[in-house]
Amino acid sequence: AQDKLTILGSVPNLGFPFFVHMLNEIKAEAAAQGVNLTESDGQNSATKQTADIEAALVQKVNAIVISPLDVNALAPAIEEAVKAGVPVVTIDRRVDGVEGILAHVGADNVKGGEAEANAMVAAFPNGAKIFHLQGQPGAGPAIDRNKGVHNVLDPLKDKYQIVFEQTANFARAEALSVTEAGLAANGKPDAIVCANDDMALGAMEACAARNFTDVKIYGFDALPEALVAVRDGKLAGTVEQFPGEQSRTAVRIAVAFAKDKTEPKEKLVLLTPIVIGKDNLDKAERIGETK
Amino acid sequence: MPAEAASPKPVLLAVEGITKHFSGVTALSDVSLDIRPGEILGLLGENGAGKSTLLKILSGVMPPSSGHIIFDGADYQPSSPQDAKRLGIVTIYQELSLIPTLTVAENIFIGRAPVGPLGLVSWRRMEAASRDIIARVGLSIDPMTPVSALSVAEQQLVEIARALSLKSRLIIMDEPTSALTETEVQRLLSIMDRLRKDKVAIMFVTHRLEEASAICDRMTVLRDGRLAGHLNREGGPIALPRIIEKMVGRAASELYARPAQRAVAGDVVLSVRGLRTVRDPEAPHAIVLDGVDIDLKAGEILGVAGLVGSGRTELARAIFGADRIAAGTITLDGKPIAPASPADAIALGIGLVPEDRKHQAIFAALGILPNFSVASLGSFSNGFGFMAERRERDALAGFRKMLSIRMASAEQAIEGLSGGNQQKVILARWLARDPKVLIVDEPTRGVDVGAKTEVHQILVQLAARGIAVMMISSELPEVLAVSDRIVTMRRGRITGQMPGVEANEERLMELMALDRKETP
Amino acid sequence: MSVAEDQRGGINFARLLMSFGPLLFLVALIVVFTVLKPSFMDPINLFNITRQISITGLIALGMTFVILTAGIDLSVGSLLAFCGMVAAVVAKGGTANTLSLSTSGTQGYGWFAALLAAVVVGAAAGGVQGLVITRLKVPPFVVTLGGLTVFRGLTLTISNGGPISGFDASMRWFGTGLIGPVPVPALIFAAAAILCHIVLRYTRYGRAVYAVGGNAEAARLSGLRVDRILVSVYVIVGFFAGLAAFVLSARLNSSEAVAGIGYELTVISAVVIGGTSLFGGIGSVGGTVVGAALIGVLQNGLQFNNVSSYTQSIVIGLILILAVAFDRWLKSRVRR
Amino acid sequence: MSVAEDQRGGINFARLLMSFGPLLFLVALIVVFTVLKPSFMDPINLFNITRQISITGLIALGMTFVILTAGIDLSVGSLLAFCGMVAAVVAKGGTANTLSLSTSGTQGYGWFAALLAAVVVGAAAGGVQGLVITRLKVPPFVVTLGGLTVFRGLTLTISNGGPISGFDASMRWFGTGLIGPVPVPALIFAAAAILCHIVLRYTRYGRAVYAVGGNAEAARLSGLRVDRILVSVYVIVGFFAGLAAFVLSARLNSSEAVAGIGYELTVISAVVIGGTSLFGGIGSVGGTVVGAALIGVLQNGLQFNNVSSYTQSIVIGLILILAVAFDRWLKSRVRR
Ligand SMILES: Nc1ncnc2c1ncn2[C@@H]1O[C@H](COP(=O)(O)OP(=O)(O)OP(=O)(O)O)[C@@H](O)[C@H]1O
Ligand SMILES: Nc1ncnc2c1ncn2[C@@H]1O[C@H](COP(=O)(O)OP(=O)(O)OP(=O)(O)O)[C@@H](O)[C@H]1O
Ligand SMILES: [Mg+2]
Ligand SMILES: [Mg+2]
């Protein structure tokens with residue numbers, strides 16, 4: 001223990017507030033544990049995130065805490081780390097098919113999508129007319145959340161009709177114009193299910209412009225801004241996956257192992273995603289930031 | 001069919017009833033001609049008569065609308081320049097067709113670079129071979145120079161050299177001499193003579209009728225896209241008045257009549273002393289001015305003669321603020337000036353018609369109106385910066401009449417005009433500013449006889465209005481015809497000066513070619 | 001100027017339609033979409049479209065100036081995000097309190113200061129890029145590609161990745177308000193388009209822009225201050241990026257660090273589809289407006305018909321190519 | 001050709017260094033990063049960098065041909081994803097069983113068929129775009145922008161949005177293998193670069209590419225088949241997109257529908273930073289390699305020094321501009 005330990009904290013894309021929060025939490029926990037942190041932003045590119053891991057391995061980091069951009073494409077790089085004897089803890093998304101990962105801390109996006117759809121179903125026991133705004137085509141979370149939503153709604157097709165289903169690329173401005181088109185084409189829906197909060201907030205603006213204030217809009221990620229909207233009754237709910245807690249747990253596990261080979265109690269820590277509504281706002285991880 | 005069917009030599013190429021329409025314009029209408037091996041056929045006509053169009057059809061650039069061509073006894077319908085090349089038809093185009101970014105050597109060997117055993121290009125052989133080829137036309141530049149660094153004249157020579165190096169049965173030359181001075185022209189004419197002896201047929205377009213008369217065996221004259229007639233060399237060269245009469249359709253007036261020496265009484269307007277330029281890294285081949293002294297008086301036309309590369313253009317550009325000056329003074333109306341940009345020079349009352357019309361003067365895609373007014377936007381707009389279009393149009397209409405510019409409308413894109421008319425629009429651009437000093441660099445390059453005399457008259461009129469005109473020209477007859485005073489340049493220096501009336505070609509040539517002669 | 005414009009300043013509609021392919025194509029698209037779903041012609045939807053195209057449309061107006069000089073600006077998307085963030089900081093009076101969506105009275109410096117900040121910062125950023133292009137002789141593509149990354153980085157730094165949300169009603173009006181039935185952003189766009197048309201078509205400055213793009217060397221030898229004009233067009237496109245940023249923030253009630261990603265391509269498409277040549281000297285504001293409308297109608301119409309997003313991509317790509325091919329074909333036939 | 005290259009075919013190293021700004025700049029960057037952190041020079045890191053630049057580098061080689069003809073190809077990122085997906089389908093023998101990461105013996109048609117499929121599809125897609133450009137006279141910018149959306153849509157349609165993962169060890173070797181200490185992708189890139197250099201510099205075809213870019217009309221008048229040459233360069237860039245796709249899939253053991261987003265700008269940057277003119281006729285493969293290396297070293301070096309991601313963006317943007325500005329400045333001083 002001559003030098004401080006160094007760990008790599010890597011997130012897929014710092015352009016999105018969700019991951020900014022994740023990295024901030026990693027940073028905070030690393031500081032609390034007294035280790036150095038090397039930051040990495042995948043910039044939405046599997047090759048960039050791979051390159052960052054490779055650079056970290058050259059620098060002989062003591063552990064890696066990573067939220068992989070893609071469950072498959074990051075596998076080779078993580079495998080390389082494991083081979084090099086560096087402990088790896090994955091957050092949020094699990095890497096497929098790599099043996100020897102120290103631990104995974106996550107909340108399943110498919111489960112989150114299911115939770116979101118279930119919350120909507122609970123709000124409309126008699127069925128509903130639904131718009132569904134999907135994330136960036138091809139992106140991992142978009143695929144998983146979409147799958148979750150359909151897992152719930154497809155068997156209930158008769159009562160819950162998705163009349164309008166479009167991608168808005170996780171972006172607020174696109175969600176706004178897509179929702180406008182949807183409203184013009186299909187009239188007012190009962191609910192709008194969105195694959196992230198940004199899109200939910202965009203859809204919210206589109207509805208507000210048409211004075212459709214009673215459309216129930218669901219987001220995903222429980223960003224502070226969305227929590228505020230939930231509090232104000234403008235959004236019906238948003239899915240909380242506890243990214244902060246995931247991150248802190250992951251860092252603790254990684255540092256403990258790097259320090260003295262302490263094996264984690266559980267190799268798989270799964271946090272169950274919940275839907276935050278007006279009544280359980282206090283459960284939201286970032287509710288403190290909305291003051 | 002033309003009358004010479006009885007001639008012993010077989011016809012190499014016969015054009016029969018060619019017509020060409022461009023949407024709306026008929027450029028050629030029922031034109032027929034023929035040419036035999038070992039013959040030089042002059043193709044003459046005013047600007048816009050259809051010469052280049054005919055040549056482009058022959059070289060496969062564009063198809064005719066109707067009519068047909070027989071080459072070597074067989075029907076000939078080229079669909080691309082390559083087809084023509086394959087049959088041994090080689091063309092020197094009017095608009096230079098070199099690749100500016102490539103070296104001289106590569107341009108000469110374009111598409112046929114010498115290759116080694118592996119099929120790889122041998123740069124060494126290419127360089128050596130092109131050195132020989134350009135030497136034939138009297139060029140001594142490094143073949144590895146990029147073409148963009150050459151002057152227009154040098155580019156023209158490279159293009160000629162390239163054509164000569166191809167195995168050819170018919171060489172088509174569209175105004176190859178327009179950028180050349182006398183020496184190079186003579187060299188080209190003797191090369192053409194040699195080719196004639198080798199049974200190569202040559203089709204030759206020029207606006208310099210003396211040349212045509214000196215070298216051509218026969219001439220075909222076009223007028224407004226129609227055949228105006230054929231002329232044969234009978235005993236001696238074809239006389240100029242015969243050609244001009246066929247070209248313009250009326251009897252020729254005296255060409256190049258020296259204007260009666262006008263009383264030039266003006267004061268010195270522009271005075272240049274000890275002007276030097278430095279080597280510009282962006283234009284490493286440019287001639288460096290080496291202490292030029294020159295005076296320009298109000299109301300006179302100062303002719304500047306010199307060989308290619310003597311620095312005339314550099315002098316013009318330096319005065320105009322287009323190139324940086326290293327040393328020396330310029331005074332305008334007795335006040336020292338230091339134009340740092342053309343805009344400064346223009347504001348001071350200096351104008352320049354540059355030598356390279358296509359690259360330095362015209363805005364090809366824009367209409368005639370914006371081309372005309374671009375240098376006078378200030379005077380054609382109101383205080384709020386809005387164009388006063390009526391005033392602008394009226395001004396253009398005035399110049400259109402004054403310079404007899406042939407154009408359809410002010411909106412027509414300038415690239416649709418013939419070269420001579422483009423040149424007149426550029427002249428109008430500067431006349432609209434009413435400059436104190438107007439420098440014209442090769443003002444009649446590519447301009448037909450009729451228009452050329454018009455341009456000369458315009459220059460004389462300008463001078464008569466008190467404008468100081470400096471005219472750079474590579475055509476000595478032109479310099480002699482209009483200049484009140486003539487200076488000669490060589491290697492960036494002034495080598496001589498004399499009143500126009502005392503000058504003749506021999507004296508000028510001597511001064512232009514002579515090294516180191518002190519300014520009188 | 002486009003071939004279609006009557007050069008005397010007026011517009012000859014028959015010829016316009018006959019020779020201006022993109023407009024014909026636009027009309028055809030609208031007809032097709034209306035047949036597919038008549039409610040496409042519902043005024044609400046049409047106004048939606050005008051509002052949607054107004055953001056990229058505003059930037060495309062500025063881009064028209066740039067492309068007319070044979071330049072290009074790839075930084076507009078990032079600059080939009082940057083100006084939007086600046087506007088938000090000014091509107092909220094700082095980076096604290098970035099999340100309240102409600103409009104809590106007078107918190108910052110008001111919409112006017114925000115607008116001013118956005119356009120001034122945009123114009124200044126454009127000006128700096130223009131100076132680098134003209135003084136250091138770095139090609140516009142490289143400078144603005146650098147700008148694309150730099151401005152994005154600056155935006156993320158200011159906002160620390162997150163959005164800044166919740167503006168005054170007075171500011172939001174610029175994004176969501178209506179004058180009569182017409183959305184304010186659409187009016188802003190229309191006014192800006194008319195202004196740009198007048199500037200390019202009827203002023204001395206506009207003439208100079210065309211001249212510089214047509215032949216920079218000839219322009220210099222004709223006494224135009226080529227470098228100044230080049231800098232000015234980047235100032236103009238920066239100004240419009242700032243204006244668009246303000247309108248977008250007002251519309252979304254939020255400025256996001258990830259705003260405008262990929263806008264450069266949409267904007268340049270609008271300009272190019274409208275007939276402006278990437279090699280400079282040829283083009284018109286009218287063309288750009290039609291180009292922007294074509295893209296907007298296409299996207300909206302496909303969404304309106306709930307076409308799957310995968311198919312949308314394919315169809316949009318093919319139709320853009322087709323629209324330009326059709327224009328070329330028409331021009332080659334109708335010319336003169 | 002770059003000014004640095006001795007026009008006689010050989011390369012004069014002293015002059016190369018003196019006059020070729022990007023290379024000097026690259027060397028300077030490497031020195032700076034090594035001083036900051038000596039382990040930067042660790043061979044493993046250097047090999048990492050070569051592997052990292054090999055994907056965009058391969059495409060940049062093809063892009064050099066395109067830009068030399070004054071064209072542009074914006075579709076390369078999407079085409080990469082498309083070819084990668086095609087390779088994956090062939091390698092796995094269908095779209096079923098897309099997720100097994102384990103290398104379960106012989107499942108599909110093997111790496112060779114996958115490679116062949118990727119490059120053939122890439123070349124064919126490029127060829128189609130080339131034909132649209134030359135036959136329908138649509139500008140390359142528009143055609144390949146259309147291609148950008150179309151190929152992405154096709155990729156998503158094939159894969160239904162998800163990735164296809166898990167290839168044979170024999171295929172993965174092309175992405176992860178080593179020959180001696182050298183990564184296979186780096187070797188592929190190096191071989192391709194040498195080949196391209198020879199083709200452009202020492203074959204008639206290569207010289208024709210320069211001629212067409214220098215002045216297409218003059219090239220046509222000189223008897224070159226301009227249209228064929230134009231089509232061929234899009235075939236070449238498509239081929240390299242396919243090859244890069246194969247290597248990328250092999251490296252990631254997965255073909256993703258979202259692969260290659262934004263690559264067009266990185267690739268074009270590499271080419272332009274390397275001194276190739278967007279107006280055609282001027283440039284070299286050596287320059288492109290240096291350009292790609294400069295970007296790769298910059299990213300790796302900043303990451304190595306734990307510079308924050310936002311600051312990285314800013315620094316990268318500024319340095320790219322600086323590198324080109326420096327090159328221009330050197331050229332204006334040193335020329336002959
Ligand atoms: N591509 C074209 N499109 C439309 N009109 C054209 C085109 N090319 C030539 N013309 C027209 O055809 C006519 C003949 O032009 P051409 O270039 O053959 O004349 P020329 O005899 O070579 O003249 P010059 O002596 O000026 O070179 C002119 O009226 C010209 O405007
Ligand atoms: N812009 C330029 N870039 C590079 N070289 C140039 C440039 N302009 C002129 N030159 C070179 O300068 C030399 C002489 O040019 P200049 O044009 O001054 O001579 P001139 O007396 O006007 O002759 P010319 O009859 O050719 O116009 C030529 O050899 C040419 O190579
Ligand atoms: Mg001609
Ligand atoms: Mg000259």
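Letters A, B, ... mirror the listed sequences (proteins, then strands); counts begin at 1. Bear in mind the structure is a predicted one, so any value in this text is a computation, not a measurement.
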Backbone N/O of A113(B) and side chain of R204(D): donor-acceptor pair under 3.5 Å
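Judged by distance alone, yes, a pair lies under 3.5 Å.
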Could you have a look at G213(D), A219(D), G214(D) and say which one has the most heavy-atom pairs with chain B under 4.5 angstrom?
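Among G213(D), A219(D), G214(D), the one with the most close pairs to chain B is G214(D).
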I'd like to know whether [atom1] of [X] has more than 12 heavy-atom contacts from other residues, nucleotides or ligands below 6.0 angstrom.
X: R86(B); atom1: CZ; value: yes
X: Q77(B); atom1: CD; value: no
X: Y205(D); atom1: OH; value: yes

Heavy-atom side-chain contact between [X] and [Y] under 4.5 Å:
X: R225(D); Y: S80(B); answer: yes
X: W123(B); Y: R201(D); answer: yes
X: R162(B); Y: S222(D); answer: yes

Region of N107(B) that comes under 4.5 Å of a non-hydrogen atom in chain D:
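Answer is neither: N107(B) stays 4.5 Å or more from chain D.
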Please look at A208(D) and chain B and tell me whether the side chain, the backbone, both or neither of the residue comes under 4.5 angstrom of a heavy atom of that chain.
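Contact with chain B is absent: no heavy atom of A208(D) under 4.5 Å.
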[X] to [Y] - nearest heavy-atom pair and separation:
X: I110(B); Y: A211(D); answer: CD1-CB, 3.8 Å
X: L120(B); Y: I198(D); answer: CD2-CG2, 4.0 Å
X: G111(B); Y: L224(D); answer: CA-CD2, 3.9 Å

From [atom1] ([X]) to [atom2] ([Y]), nearest 0.5 Å:
X: R112(B); Y: R207(D); atom1: CZ; atom2: CZ; answer: 15.5 Å
X: I99(B); Y: Y210(D); atom1: CD1; atom2: OH; answer: 13.5 Å
X: L221(D); Y: K56(B); atom1: CG; atom2: NZ; answer: 8.0 Å

